[in-house]
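Before any comments, here is the structure.
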Amino acid sequence: MKLLMVLMLAALPLHCYAGSGCPLLENVISKTINPQVSKTEYKELLQEFIDDNATTNAIDELKECFLNQTDETLSNVEVFMVISFSSYKLFKSPDQGQVGSSFLTDNAKATSEQAFSYIG
Amino acid sequence: MKLSVCLLLVTLALCCYQANAEVCPALVSELLDFFFISEPLFKLSLAKFDAPPEAVAAKLGVKGCTDQMSLQKRGLIAEVLVKILKKCSV
């Protein structure tokens with residue numbers, strides 16, 4: 001029982017602070033990279049976000065870029081995305097404050113403002 | 001002991017809810033940079049992730065393909081990403 005407690009406590013920071021903060025985005029990125037996912041399946045996944053034929057064509061072309069890559073390239077891209085998702089814990093501390101070097105924190109602030117002004 | 005396990009599980013749930021309430025800004029930046037900045041600048045921006053060289057090379061390889069797409073098409077893809085991010089931010 002004590003061992004279980006220790007394991008759970010050890011898993012807590014890893015489980016909570018790794019990840020992109022958006023499971024849907026992680027799923028979309030994963031399906032973009034995955035060569036087993038066809039263009040049709042990919043478009044179905046993104047259907048609610050597609051408004052017109054121009055966007056459908058753009059999505060098709062994006063998926064085509066990934067389908068044209070070798071398996072080795074795609075597995076390396078996947079490695080990169082895992083690192084990107086995991087990097088979230090570098091940028092945020094448990095109280096949602098920023099941690100890490102000044103380069104990391106300044107960069108995180110800048111990108112956050114830039115991206116969310118674009119979204120909002 | 002049972003109480004402490006229950007408390008731990010509640011803490012875990014609350015903690016993870018909080019952690020997922022905001023999208024990682026570095027990832028958002030990297031996604032948008034992938035479509036809109038030049039390869040040398042993008043390579044520089046990837047340095048913060050400290051990824052293996054082969055992973056960076058793979059990412060740049062795919063970017064070489066997406067860079068062939070028109071700016072308008074890349075803009076449409078970015079709009080889709082923004083909609084996904086909006087859905088996560090709700």
Side-chain angles (χ1 to χ4, degrees), chain A residues 1 4-5 8-9 11-13 15-17 19-25 28-29 46 48-52 54-55 57-59 61-62 64-66 68-69 72-77 79-80 83-85 87-88 90-92 94 96 103-104 107-116 118-119, chain B residues 1-2 4-5 8-9 11-12 14-33 35 45-46 48-52 54-59 61-70 72-89:
Chain A
M1 200 64 185
L4 176 70
M5 285 286 284
M8 283 182 77
L9 285 167
L12 190 72
H15 184 70
C16 292
Y17 297 106
S20 69
C22 181
L24 174 63
L25 181 65
V28 168
I29 291 170
L46 293 170
E48 63 174 300
F49 306 108
I50 296 172
D51 295 329
D52 49 33
T55 307
N57 292 337
I59 291 295
E61 217 170 306
L62 174 67
E64 187 65 38
C65 275
F66 283 87
N68 286 341
Q69 305 300 318
E72 189 188 1
T73 298
L74 292 176
S75 67
N76 277 320
V77 170
V79 165
F80 194 96
I83 292 166
S84 301
F85 295 150
S87 75
Y88 190 42
L90 289 175
F91 290 89
K92 291 286 177 183
Q96 296 288 296
F103 168 76
L104 284 174
N107 191 56
K109 278 178 199 162
T111 54
S112 179
E113 285 160 11
Q114 168 204 326
F116 287 102
Y118 184 49
I119 293 165
Chain B
M1 196 64 189
K2 279 181 184 174
S4 62
V5 172
L8 192 62
L9 288 169
T11 309
L12 185 70
L14 290 171
C15 160
C16 293
Y17 173 78
Q18 183 191 24
N20 287 327
E22 188 179 332
V23 182
C24 172
L27 182 63
V28 174
S29 168
E30 191 256 317
L31 283 172
L32 295 175
D33 286 353
F35 291 106
S45 83
L46 296 183
K48 65 176 170 279
F49 293 110
D50 199 24
E54 60 272 21
V56 173
K59 192 85 178 164
V62 181
K63 181 172 166 57
C65 178
T66 57
D67 282 353
Q68 303 303 309
M69 294 170 69
S70 70
Q72 186 194 7
K73 280 185 179 175
R74 282 180 275 157
L76 290 169
I77 292 165
E79 278 178 32
V80 170
L81 288 172
V82 165
K83 285 175 191 170
I84 293 167
L85 291 168
K86 270 186 174 176
K87 195 169 182 181
C88 281
S89 303

- request: Test A/Thr55 against B/Glu79 for side chain to side chain contact (heavy atoms under 4.5 Å, CB included), laying out the working first.
  value: CA-CA 9 Å; A/Thr55 307; B/Glu79 278 178 32; 5.7 Å; no
query: Taking it one step at a time, do A/Ile83 and B/Asp50 satisfy side chain to side chain contact (heavy atoms under 4.5 Å, CB included)?
result: CA-CA 8 Å; A/Ile83 292 166; B/Asp50 199 24; over 6 Å; no
- request: Could you walk me through whether B/Val80 and A/Val28 pass the side chain to side chain contact (heavy atoms under 4.5 Å, CB included) test, one step at a time?
  value: CA-CA 11 Å; B/Val80 170; A/Val28 168; over 6 Å; no
- request: Could you walk me through whether B/Val28 and A/Leu25 pass side chain to side chain contact (heavy atoms under 4.5 Å, CB included), step by step?
  value: CA-CA 10 Å; B/Val28 174; A/Leu25 181 65; 5.6 Å; no
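In plain terms, the two heavy atoms of A/Gln69 and B/Cys65 that are nearest each other are NE2-CB, 4.2 Å.
The structure places CG of B/Leu85 at 9.5 Å from CZ of A/Phe49, a figure rounded to the nearest 0.5 Å. Going from atom CD1 of A/Ile29 over to atom CG of B/Leu81 covers 7.5 Å, rounded to the nearest 0.5 Å.
With chain B as partner, the option from A/Asp51, A/Leu74, A/Asp52 having the largest number of non-hydrogen pairs under 4.5 angstrom is A/Asp51.
Listed by chain and number, the residues in a ring pair (Phe, Tyr, Trp, His ring centres under 6.0 Å) with A/Phe80 are B/Phe49 (sequence neighbours excluded). By the salt bridge (Lys or Arg N to Asp or Glu O under 4.0 Å) test, B/Glu54 pairs with no residue at all, sequence neighbours left out.
Checking each of A/Asn68, A/Asn76, A/Val77, A/Leu62 against B/Val62 for a side-chain contact (heavy atoms from CB on, under 4.5 Å) leaves exactly one that passes, namely A/Val77.
If you measure heavy-atom distances from A/Glu64 to chain B, you find no contacts under 4.5 Å at all.
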